[in-house]
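In each ligand, atom 1 is the first atom listed, and ligand 1 is the first ligand listed.
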Amino acid sequence: MKGLMMDTQLLISSIAQHAEKFHGDREIVSVTADNPRHRYTFREAIGRAKKLANALERLGVKQGDRVASLAWNDYRHLEIYYGVSGSGYVCHTINPRLFPEQIVFIINHAEDRFICVDVMFVPLLEAVADKIPNVEGFIILTDEAHMPETSLPNVMCYETLLAAESSEFDWPELDERSASALCYTSGTTGNPKGVLYDHRSTILHAYATLSIDVAGVSSRDVAMPVVPFFHVNAWGVPYSALMAGTKLVLPGPKMGDGEALYELIESEDVTKAFGVPTVWLSLLQYTEKTGKRLEKLEQSLVGGAAVPRAMIEVFRDKHGVELRQGWGMTETSPIGTVNTIKAGLEDLSKDEQLDLATKAGRGIFGCELRIVDDNGGELPWDGEAFGALQVRGPWVCSDYFKLEGSGGTHTDDGWFETGDVATIDPQGYVAITDRTKDVIKSGGEWISSIELENTAMGHPAVAEAAVIGVAHPKWTERPLLVVVRSEGEDVSKEEMLAYFDGKVATWWVPSDVVFVDELPHTATGKVKKIELRKQFAEYRLPG
Ligand code: ADP
């Protein structure tokens, strides 16, 4: 027997309608290249998103067509999110930090018809314009006064385009399974792969992030996504904030600028922030240098890479900020796990709480998890057994765009292979120990590079650390620690190795330490292990 409930479609346009009606006066504050502090309301944002929708219709864009963005987090980018997806087009967010060849690949692969581009990324497109002949036009995200000289063909000015349109627009009634957004994974090997979100997955994911043990933003919060809009839809914040009526603070091109982030947080009363560990590193460096304290911030959701214990500690003890670690991937929309204390664990000592906080967190409702051995057999949740992490749920991808059926990423029983190796403890907390391809196998046993990196980063003289496996005649592989020293700090190899005493098993202690000026990073700010392994391909362990 079927239930008797309405079959209302879950659509991104319904967030726009809700935001306009219930939170119309809520503010969106942005930093842009043409304005250091732009501010307006949700109502104005949605009005302009409708103007964009009218403009795109006039340009002949049809349902399902891809319209791309190449832009920082600001109000115009937010209008693109709603104007494009709300109209039934697919918003393809391009990561400007990808290599030019990758950008060419994804624009052509996505068959983008139009690209909305920030002024500062215009040169990036000019350099590849002859390789993307099918793009029909470039919409530059500024006003006439700030339009750049450009060799790009078919250029339009965003503000001029909008000025000609009405802010009346009837959002189309779409099927909730219609594609809404497209985001390519960086692809450390091979070509980037497109993850194609739909309206339903986006809404369900946004709902999930609103729960208190996930990100829990409310209408009284002020949220600052420092995670880019081009990185897995800024973890859904552009949707959840408008659902909840949360004031948005968008840092534009100031993402990696500790001082600018501090000023925005303090002056705009930001209570909840979102970002990868490296951006918080720059904020902490600024507060350390100036002796300033974060007075307003309550919580930050941090993920995309392991969060160092020392960072969680400084935020907690010096600033009274809860750093909540999360785990996810482009393929999982992205949130799969979030770390908050569970009932029964409140009495853990401060130190034990920190240990727990270094884990990736518990699975949230809507994302099922399991770990399996090499034969696909399920492993116990004992906090010890390492295995390949697999996930399943309504906001996990079922395939990649235009690669449908080519396989290799999903199991026969419908789980997605994350490519991560993890343990899960009896309480359900997941600890990511490695990417499958980064695991260090020593004497037939696995050593977690992430745990060693985390330990090393607890040393005050260490700014950044990475561990890779290097060849060893007896043990097959041994861990090599590569360290970037903090500015003005010194630490010797012997001191560094001694620092591991009592913190990890003796056979896990790295076999050598190398100091470097910087580590190679991926487009999303993670250490590029492949590059690092290449760099140390000729390296031989001492003795
Ligand atoms: P990309 O593939 O472009 O780097 P993703 O954001 O999809 O971008 O990367 C997802 C990967 O990031 C995960 O598979 C995992 O390896 C890593 N990751 C994400 N969150 C964490 C975390 N909390 N701890 C350790 N690794 C993480």
Can Lys441 and Glu477 be said to form a salt bridge (charged side-chain N to carboxylate O under 4.0 Å, His left out), step by step? CA-CA 6 Å; Lys441 262 199 167 157; Glu477 270 190 330; over 6 Å; no
List every atom of ligand 1 that sits less than 4.0 Å from any heavy atom of [X], numbering the atoms from 1 in the order shown and giving each element.
X	result
His231	6 (O), 8 (O)
Gly326	20 (N), 22 (C), 23 (N)
Ala306	22 (C), 24 (N), 25 (C), 26 (N)
Gln325	22 (C), 23 (N), 24 (N)

For ligand 1, which part of [X] has a heavy atom less than 4.0 Å away: the side chain, the backbone, both, or neither?
X	value
Pro334	neither
Met329	both
Thr330	both

From Gly304, Ala360, Ala422 - option closest to atom 20 (N) of ligand 1 by heavy atom: Gly304
Just to be sure I'm reading this right: ignoring hydrogens, which of Pro277, Ala305, Gly328 gets closest to atom 21 (C) of ligand 1? Compare them by their nearest heavy atoms. Ala305
When the ring centroid of His205 is compared with that of Tyr197, is the distance short of 6.0 Å? no
Arg316 and Lys350: CA distance, side-chain angles, deciding distance, side-chain contact (heavy atoms from CB on, under 4.5 Å) verdict: CA-CA 10 Å; Arg316 185 187 73 180; Lys350 283 194 119 184; 3.6 Å; yes
Between OG of Ser300 and CE of Met311, what distance do you get to the nearest 0.5 Å? 9.5 Å
With a 4.0 Å cut-off on N to O distance, would you call [X] and [Y] a salt bridge?
X	Y	result
Asp213	Lys342	no
Arg392	Glu368	yes
Glu331	Lys193	no
Asp74	Lys254	no

Please confirm whether [X] approaches ligand 1 to less than 4.0 Å, judged on its heavy atoms.
X	value
Gly419	no
Asp420	yes
Gly361	no

Among Val117, Val122, Ile80, find the residue that satisfies the side chain to side chain contact (heavy atoms under 4.5 Å, CB included) test when tested with Leu141. Ile80
Before signing off on this row, confirm whether Lys526 and ligand 1 have an N or O atom pair separated by under 3.5 Å. yes
